[in-house]
**Student:** 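Please see the structure below; I have some questions.
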Amino acid sequence: MTDKQGQNIINIAVIAHVDAGKSTLVDAFLNQSGVFRENQQVVDCVMDSDDIERERGITIYSKNCSVMYGNTKINIVDTPGHADFSSEVERIMRTVDTVILLVDSSEGPMPQTRFVLKKSLEQGIVPILLINKIDKKDARIDEVVDEVYELFMDLEASDAQLDFPILYGIARQGIVVRDPAEVEGLSVEMAGGYTDNEGKPMKLKKSAKGMNGLDIKPLFETIVEHCDPYPAELAEEPLQLQISALAYDDYIGRLGIGRVTKGKVREASTVSVCREGGAVEQRKINQVFVYRGLKRVPVDEAVAGDIVVLSGIPDISIGETICEEGKEDPMPMISIEEPTLSMYFMVNKSPFAGKAGKYVTSRHIRERLNKELEVNVGLKVEETDSTDSFKVSGRGELHLSILIENMRREGYELAVSKPEVIMRKDERGRTLEPFEEVVLSVPDIYSGSVISKLNVRKGLMQQMKSENGYTRLEYLVPTRGLLGYRSEFINDTHGEGTMVRRFDRFDEFTGEIPQRINGVAIAQEAGVTTPYAIFNIQERVQMFVGPQVKVYEGMIVGMNARSDDMVVNPCKEKKQTNMRAAGSDDNVRLTPPRVFTLEEALEFIDDDELVEIVPGDIRLRKKILSELDRRRNARRERYE
């Protein structure tokens, strides 16, 4: 089967900050282009197919699909919004003709909006601006459009790039219009005055099919008007195709994904693979796939302009160029920004090692990390002096924690250290550290506490404004100062604040930053915790474990109210006697223990502590388990 000839091909990417509605807009594209049957059951955010993506409600990996509009095939790339996964955005920019920049009608441009827009402008792309969620009560559409213009000028956009089309939409209902007046009077709230648990009006059920005769046709029309179809004459030139993403299939192995820049790519053909460093090797392509809706469809050949998936080259890597034999014309390698955070992945050596996991040795961990390097271009793995430890660097805590969570679900056991920022030296020998742009929105009554904490963490306030009972703060903070801050921020704002951050630049080292001020409670011996022991400990300690939990010596079981560490015995049992006394046999009332997510555990630990990760549990422990050995080590460090 050959892919349809004579059709126009346009490739687009949907880019935005997290939660702006990218995946929801892609749902509307698919629904309103006839990809799904009328009676087909379709899940919400259908492109977020990974288990962790569904659980967290975020996009982690860039994904492809395609829709037809008239005689035009539109390949769509859905991209992540989190700054930690920005390498996914960087590498696909060369494969698209335009981008749809989504901006929330209330929030305006956010830190990650700036990053993804900068990457698209660098490639000479003229974006389409879509102001989303215009049904919000606090929408400020005109102001947000002005803010976007200012952002374009800050990023030194060309005159052509500043002449971008503007559309307005409600992606959750599958509506895009050219003028906000077209949706005046349209309510997406349920009739009858229904409210949710917080007393807010309940909205109509999410539907990507449009409503009241409004749909996303104006967006389809704008894409076709705004983008010139890929030049058909380029299909007659020698093949040139750069790999921008990788995938894996259990049956046909590693897959390379990229855009055919020139020529045609055919199945069962021999090609030249231009690798980094100038090496050229001959390889044979087995199958060629293109996207039709959400499906990968095999074809005999694909032409210039289309995004294809290739099988048969087991050692293909991102950035490599596939060319016609004897007519090699490699494209520049895809450059990805350097990691800013690192941590050590170690073999789990706790007393409970090997009891829950399937893969526990350093060989298993090394193989899994090397496999991740093949598809995760923002990651860096280095060997250390120890054969049981690997230094893994990434773009942020979330980037690394998603990798750890995937390994945990696959049956791996490992221990990881506290995240550390990666320092650099400039040409004058000064030490530089990464700084992040942080945007916070907090209720006015909590703003003082947040400002105080960020100032202590060497943060520099860039902007502050108050509106509708909320204060919006913009800060420049060293990455070191933000490690462990998220849980404090949630507590300080009583869960009502939001915080988004993005790597900004490397700048001069700011000196020592105070870290966790509380010590921890450490189990004295191995055993099973008892209600009696926990009841007596919890007066001075916030517990991390409940009753009837197995613990071992050196395991962290709680947080001390004071700054020093305290060794406790959570396994102590009540002595059995024949005597009875009034009041001594009352029911024991226990405070519920604090349960850590993986990110919270990584934020909490100190330099001398580790997070032990096994398929069924996450535990905190000291690096040195024995109390006697910890004392000896402390004395040795004092004298040194």
**Student:** With sequence neighbours left out, what residues match E367 under side chain to side chain contact (heavy atoms under 4.5 Å, CB included)?
**Tutor:** R363
**Student:** Is there a side-chain contact between R368 and L403 (heavy atoms, below 4.5 Å)?
**Tutor:** yes
**Student:** E467: what forms a side chain to side chain contact (heavy atoms under 4.5 Å, CB included) with it, not counting sequence neighbours?
**Tutor:** none
**Student:** Could you work out, with ring pair (Phe, Tyr, Trp, His ring centres under 6.0 Å) as the rule, every residue matching Y552, not counting sequence neighbours?
**Tutor:** F352
**Student:** Could you walk me through whether Y412 and H364 pass the ring pair (Phe, Tyr, Trp, His ring centres under 6.0 Å) check?
**Tutor:** CA-CA 8 Å; Y412 286 83; H364 289 134; 7.0 Å; no
**Student:** In terms of heavy-atom contacts, does CD of E382 have more than 12 from other residues, nucleotides or ligands at under 6.0 Å?
**Tutor:** yes
**Student:** Is there a side-chain contact between D606 and K418 in this structure, where contact means two heavy atoms from C-beta onward sitting under 4.5 Å apart?
**Tutor:** yes
**Student:** Please check if atom NZ in K550 has more than 12 non-hydrogen atoms from other residues, nucleotides or ligands closer than 6.0 Å.
**Tutor:** no
**Student:** Taking only residues two or more places apart in sequence, or in another chain, which ones meet F390 in a ring pair (Phe, Tyr, Trp, His ring centres under 6.0 Å)?
**Tutor:** none
**Student:** Is there any side-chain hydrogen bond (donor to acceptor under 3.5 Å, both in side chains) pair reaching into residues 475-486, and which pairs are they, with sequence neighbours excluded?
**Tutor:** E433-R480, E436-T479, N455-Y475, R480-T510
**Student:** Is R366 salt-bridged to E383, cutoff N-O under 4.0 Å?
**Tutor:** yes
**Student:** Compile the donor-acceptor pairs under 3.5 Å between side chains in residues 526-540 and protein atoms, sequence neighbours left out, one pair per line.
**Tutor:**
{"unit_1": "T529", "atom_1": "OG1", "unit_2": "G546", "atom_2": "O", "d": "2.7"}
{"unit_1": "T529", "atom_1": "OG1", "unit_2": "Q548", "atom_2": "N", "d": "3.1"}
{"unit_1": "T529", "atom_1": "OG1", "unit_2": "V549", "atom_2": "N", "d": "2.9"}
{"unit_1": "T529", "atom_1": "OG1", "unit_2": "V549", "atom_2": "O", "d": "3.4"}
{"unit_1": "T530", "atom_1": "OG1", "unit_2": "A533", "atom_2": "N", "d": "3.2"}
{"unit_1": "T530", "atom_1": "OG1", "unit_2": "K572", "atom_2": "O", "d": "2.5"}
{"unit_1": "N536", "atom_1": "ND2", "unit_2": "Y532", "atom_2": "O", "d": "3.1"}
{"unit_1": "Q538", "atom_1": "OE1", "unit_2": "T591", "atom_2": "N", "d": "3.0"}
{"unit_1": "Q538", "atom_1": "NE2", "unit_2": "R589", "atom_2": "O", "d": "3.1"}

**Student:** Could you walk me through whether L373 and L369 pass the side-chain contact (heavy atoms from CB on, under 4.5 Å) check?
**Tutor:** CA-CA 6 Å; L373 283 174; L369 291 174; 5.8 Å; no
**Student:** Does atom CD1 (I517) have a neighbourhood of more than 12 heavy atoms from anything else shown, all under 6.0 Å?
**Tutor:** no
**Student:** Any salt bridge between D564 and R562, counting N to O under 4.0 Å?
**Tutor:** no
